[in-house]
Amino acid sequence: MAMLVSSSSSSSSSSPHSLSFTRSLHNALSPFSITLTLTRSHSPKRAPPSFKATLITNSDSFQVGRSIGSYGFMNVTSYSAFPSALEGNKYSYADFGAGLKTQDVGEGSVKIRLYEGRVSQGPLRGTPVIFKVYPGKRAGGIEADMMAANELNAHSFLQRNSKGIVQNLVLLVGGFETITGEQWLAFRDDGKYSAADYAKFASDRVSRDRASGELSSWNRFEQEQSIKRKQIFVIKLLQGAMRGLAYMHDNNRLHQSLGPFSVMLNTISEREGRYLIPRLRDLAFSVDVSYSELEEDPRSLADGLWRRATAAGAFTRMEKRAFAIADDIYEAGLLFAYMAFVPFCEAGAMDGLALQRLLENTFQLDLEATREYCMEDDRLAKAVEFLDLGDGAGWELLQAMLNADFRKRPIAQAVLNHRFMTGDVL
């Protein structure tokens with residue numbers, strides 16, 4: 001599984017036989033209508049008007065602004081081979097599913113730059129956009145070209161859906177290739193924050209309040225209201241992410257790099273939680289899991305996914321598809337765990353990789369044992385309290401999503417219907 005990181009990191013193996021960005025861009029020129037919402041204000045409280053437009057592929061139709069950052073990808077794969085000998089035919093808990101004994105962390109050279117900008121011509125003139133710039137084949141190799149093409153293809157397909165576009169995916173406005181070979185994708189600017197930004201902001205505030213003694217000076221009602229706002233905000237964030245994932249799965253597409261950096265937010269203010277709209281982004285590793293596309297293909301960025309499927313005992317097309325969808329749910333479970341812990345703890349008390357190792361390696365996905373461990377650490381008390389809502393509903397859902405047997409993980413819609421995710425526990 002590929003994870004977004006704010007600095008440097010990378011992806012899975014690839015092959016030069018996949019569609020190039022140029023060919024994908026040519027395919028995108030075939031006209032199709034998408035519903036766009038023109039936004040001239042970044043206020044999360046305003047609902048701007050919608051209208052129809054086509055994907056823009058002319059670079060002259062855009063104006064580029066300032067640089068706003070860069071990032072890369074990191075591939076974190078949890079796996080273990082089947083044991084060569086099993087004493088007494090007994091299987092350990094970690095012998096099932098994707099395998100959980102080791103973690104393979106890879107880092108690569110594909111670096112992506114981000115710029116502000118706007119549409120300068122046509123019916124979308126003035127629409128703010130964020131440019132995502134891939135280095136192209138010349139500078140980034142075939143993998144960079146494949147990633148850009150895959151992201152363009154995934155968004156183009158999802159935005160062609162006759163049932164309409166879900167608001168929990170970022171919207172691709174257009175794309176073009178420069179004479180130097182760089183590939184630019186333009187997404188409507190619906191916010192520059194990520195779920196990771198919110199988690200850092202929230203944990204820094206916990207540290208600041210504790211260091212200043214402000215928490216002890218609050219009256220009980222103020223403390224309860226502050227915690228309640230945070231709980232509501234996090235659940236709404238997770239709801240939006242899962243709605244986006246459910247929409248992708250309903251359309252036979254996986255995300256495959258779901259994490260706190262791949263969820264875009266229009267606000268990180270808990271007081272504006274009612275206006276929060278989380279949107280999934282970064283579909284460079286998205287996989288088509290329609291039955292006609294399930295043949296293992298070495299040219300695919302999904303090579304690692306199908307290796308994990310085989311290791312988990314998924315051999316038929318139906319089994320591979322079930323594993324692939326469950327693999328996305330597992331990533332969503334890790335996102336759930338991250339959002340349940342990091343925003344509620346002091347800065348540095350817990351991070352994504354440490355939490356994943358705690359869950360997978362230390363406790364082998366035994367959430368009851370994980371809870372007992374966390375209860376002994378005062379720094380994790382508010383996270384435990386959050387997952388304890390509804391008589392442990394959070395732990396119950398997290399255990400289901402991280403089930404070692406992929407066949408027992410819920411689908412995205414079932415996650416959304418769970419009493420913890422609906423907010424009934426609040």
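Predicted, not measured: the structure shown is a model, and the values here were computed from it.
Counting only N and O atoms by type, the side chains of Tyr134 and Glu151 include a donor and acceptor under 3.5 Å apart. Donor-acceptor pairing under 3.5 Å is lacking for the side chains of Asn403 and Gln399. At a cut-off of 3.5 Å, with distance as the only test, a side-chain donor of Asn252 or Arg321 sits close to an acceptor on the other residue. Judged purely by distance below 3.5 Å, without hydrogens or angles, the side chains of Tyr373 and Arg371 never pair a donor atom with an acceptor atom. A side-chain donor-acceptor contact under 3.5 Å links Tyr71 and Lys132.
Phe344 carries Lys230 over the face of its six-membered ring, with the cationic atom under 6.0 Å from the centre and within 45° of the normal.
Using a 4.0 Å cut-off between charged side-chain N and carboxylate O, Arg208 and Asp204 make no salt bridge. The residues Arg407 and Glu319 are annotated as not salt-bridged, no charged nitrogen and carboxylate oxygen being separated by less than 4.0 angstrom. Using a 4.0 Å cut-off between charged side-chain N and carboxylate O, Lys137 and Glu182 make no salt bridge.
Between Phe386 and Phe420, the ring planes are perpendicular. Angles over 60° get that label, and only those under 30° would be called parallel.
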Stepwise side chain to side chain contact (heavy atoms under 4.5 Å, CB included) test for Phe336 and Met242: CA-CA 10 Å; Phe336 177 15; Met242 290 308 303; over 6 Å; no
Working note: Phe131 + Phe62, criterion ring pair (Phe, Tyr, Trp, His ring centres under 6.0 Å); need CA distance, chi angles, decisive distance, verdict. CA-CA 10 Å; Phe131 292 107; Phe62 295 102; 5.5 Å; yes
Side chain to side chain donor-acceptor pair (under 3.5 Å), that's the test. Do Glu270 and Tyr198 meet it? Break it down for me. CA-CA 9 Å; Glu270 291 162 2; Tyr198 163 71; 2.7 Å; yes
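Each salt bridge (Lys or Arg N to Asp or Glu O under 4.0 Å) pair with one or both residues in residues 412-426, not counting sequence neighbours, appears once here: Glu396-Arg419.
In this structure, the side chain of Asn153 engages the main chain of Ala149 through a donor-acceptor pair within 3.5 Å.
Within 6.0 Å of the CD atom in Gln225, the count of heavy atoms belonging to other residues, nucleotides or ligands exceeds 12.
Asp328 pairs with exactly one of Arg409, Arg253, Gln256, His255 by the side chain to side chain donor-acceptor pair (under 3.5 Å) rule, that one being Gln256.
Every residue meeting the side chain to side chain contact (heavy atoms under 4.5 Å, CB included) condition with Glu346, not counting sequence neighbours, appears here in chain and number order: Val206, Ser207, Arg210, Arg379.
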